[in-house]
Amino acid sequence: MLKENRKINIYLPEGYNVADTIKYPIIYILDGGIEEDFIHIVGIVRYYTQPWIAQFPKSIVVGIENTNRKRDFTFAVSNLDFLEKEGFKKENFPQYGKSGAYISFLQKELQPYMENKYNANKDRTVIGESLAGLLASEILLKQPDLFTKYIIIAPSLWWGEQKLLFETANLLNTNIKKHFAYI
């Protein structure tokens, strides 16, 4: 789907044993490289899963390292004229609008791989901020069953002259019924 190799960082919870029957939720980090958000999200998960804290369930954490986040986290638009109003130069976005391919990668490659290779249940959380938050918002609104929980931080909803915002009311009424979103 993406026609390129992706580095995937995986954290397994303390006590994880491949032979166990215990199934764990998976947290997917869209900006999940080692130099991005992977290390500190894993630290938060480890801390909040300690027995004396017990605020999160023990979870598998998957960080997807970026190769081109402007391309992968944005949906297609007819032109980039809106960028200057937002304080960006068009030349800073030489590639964009391929979120559909990235969503297919998550749905058809990464999630099945993780659920077949690891002791995972069907509880899936996605975390995205900024452009990754735009992608998480797009998934929540258009394919909400791809994840069960959404943590969306400062999404770049300005993209495409706020097209996703204008579509939100209709998409919310149509698609979202049973999901948790923290925005």
Side-chain angles (χ1 to χ4, degrees), residues 2 6-67 69-70 72-74 99 102-157 159 164-165 168 171-172 175-183:
L2 296 178
R6 291 291 171 132
K7 184 173 183 181
I8 305 297
N9 299 299
I10 299 171
Y11 163 78
L12 299 174
E14 291 180 59
Y16 179 92
N17 183 336
V18 70
D20 278 346
T21 58
I22 299 169
K23 302 281 186 186
Y24 297 93
I26 301 180
I27 299 169
Y28 292 87
I29 308 168
L30 298 174
D31 285 319
I34 296 297
E35 298 298 324
E36 297 170 304
D37 295 337
F38 185 73
I39 298 294
H40 66 269
I41 297 294
V42 166
I44 291 168
V45 170
R46 284 193 61 164
Y47 177 77
Y48 282 102
T49 59
Q50 295 302 311
W52 60 89
I53 308 276
Q55 294 294 310
F56 292 168
K58 286 187 174 188
S59 302
I60 298 168
V61 181
V62 179
I64 310 150
E65 200 154 311
N66 285 306
T67 60
R69 67 194 306 273
K70 290 175 183 174
D72 294 336
F73 295 167
T74 58
S99 63
Y102 196 85
I103 293 167
S104 290
F105 158 71
L106 293 171
Q107 180 179 33
K108 296 177 182 170
E109 290 183 46
L110 186 57
Q111 287 179 341
Y113 171 80
M114 291 303 301
E115 291 168 11
N116 288 325
K117 183 163 176 65
Y118 297 95
N119 295 341
N121 62 31
K122 295 293 183 185
D123 186 358
R124 304 174 185 140
T125 299
V126 64
I127 300 174
E129 56 92 18
S130 189
L131 282 177
L134 174 67
L135 179 69
S137 297
E138 181 182 359
I139 296 168
L140 174 65
L141 294 170
K142 295 180 178 177
Q143 291 184 277
D145 292 334
L146 199 52
F147 296 96
T148 50
K149 297 178 185 82
Y150 291 78
I151 300 173
I152 301 170
I153 305 155
S156 296
L157 295 173
W159 178 259
L164 202 57
L165 279 176
T168 297
L171 291 168
L172 284 172
N175 295 333
I176 298 177
K177 309 244 185 298
K178 59 185 182 294
H179 299 280
F180 294 100
Y182 305 95
I183 301 172

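Along the sequence shown, the residues carry numbers beginning at 1. Worth knowing before you read on, the calculation uses all heavy atoms, side chains too, and leaves out hydrogens, waters and symmetry mates.
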Which pairs of donor and acceptor atoms, one on a side chain in residues 34-43, lie under 3.5 Å apart (sequence neighbours left out)?
| unit_1 | atom_1 | unit_2 | atom_2 | d |
| --- | --- | --- | --- | --- |
| Glu36 | OE1 | Gly33 | N | 2.6 |
| Glu36 | OE2 | Asn66 | ND2 | 2.4 |

Would you compute the distance between atom [atom1] of [X] and atom [atom2] of [Y] and round it to the nearest 0.5 angstrom?
X      : Y      : atom1 : atom2 : value
Arg46  : Phe56  : CZ    : CZ    : 14.0 Å
Leu134 : Ile139 : CG    : CD1   : 10.0 Å
Leu30  : Tyr102 : CG    : OH    : 5.5 Å
Ile152 : Leu135 : CD1   : CG    : 9.5 Å
Gln111 : Arg124 : CD    : CZ    : 4.0 Å
Ile44  : Thr49  : CD1   : OG1   : 11.5 Å

What closest approach, in Å, do [X] and [Y] show between heavy atoms, and which atom pair accounts for it?
X      : Y      : result
Pro57  : Ser59  : O-OG, 2.8 Å
Gln107 : Leu146 : CB-CD1, 3.4 Å
Gln143 : Tyr150 : O-OH, 3.6 Å

Trace of the side-chain contact (heavy atoms from CB on, under 4.5 Å) decision for Ile151 with Val126: CA-CA 6 Å; Ile151 300 173; Val126 64; over 6 Å; no

Solution key, residues 15-29 side-chain donor-acceptor pairs under 3.5 Å, sequence neighbours excluded:
| unit_1 | atom_1 | unit_2 | atom_2 | d |
| --- | --- | --- | --- | --- |
| Tyr16 | OH | Asn119 | N | 2.9 |
| Asn17 | OD1 | Ala19 | N | 2.8 |

Qualifying residues under side-chain hydrogen bond (donor to acceptor under 3.5 Å, both in side chains), relative to Ser99, sequence neighbours excluded: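 Applying side-chain hydrogen bond (donor to acceptor under 3.5 Å, both in side chains) to Ser99 gives Glu138.
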
Any [X] side-chain heavy atom under 4.5 Å of [Y] side chain:
X      : Y      : value
Lys70  : Trp159 : no
Lys142 : Leu164 : yes
Asp72  : Thr67  : yes
Tyr113 : Ile8   : no

Test side-chain contact (heavy atoms from CB on, under 4.5 Å) applied to Arg69 and Asp31, step by step: CA-CA 8 Å; Arg69 67 194 306 273; Asp31 285 319; 2.9 Å; yes

Carboxylate-amine/guanidinium proximity below 4.0 Å for Glu14 and Lys58: no

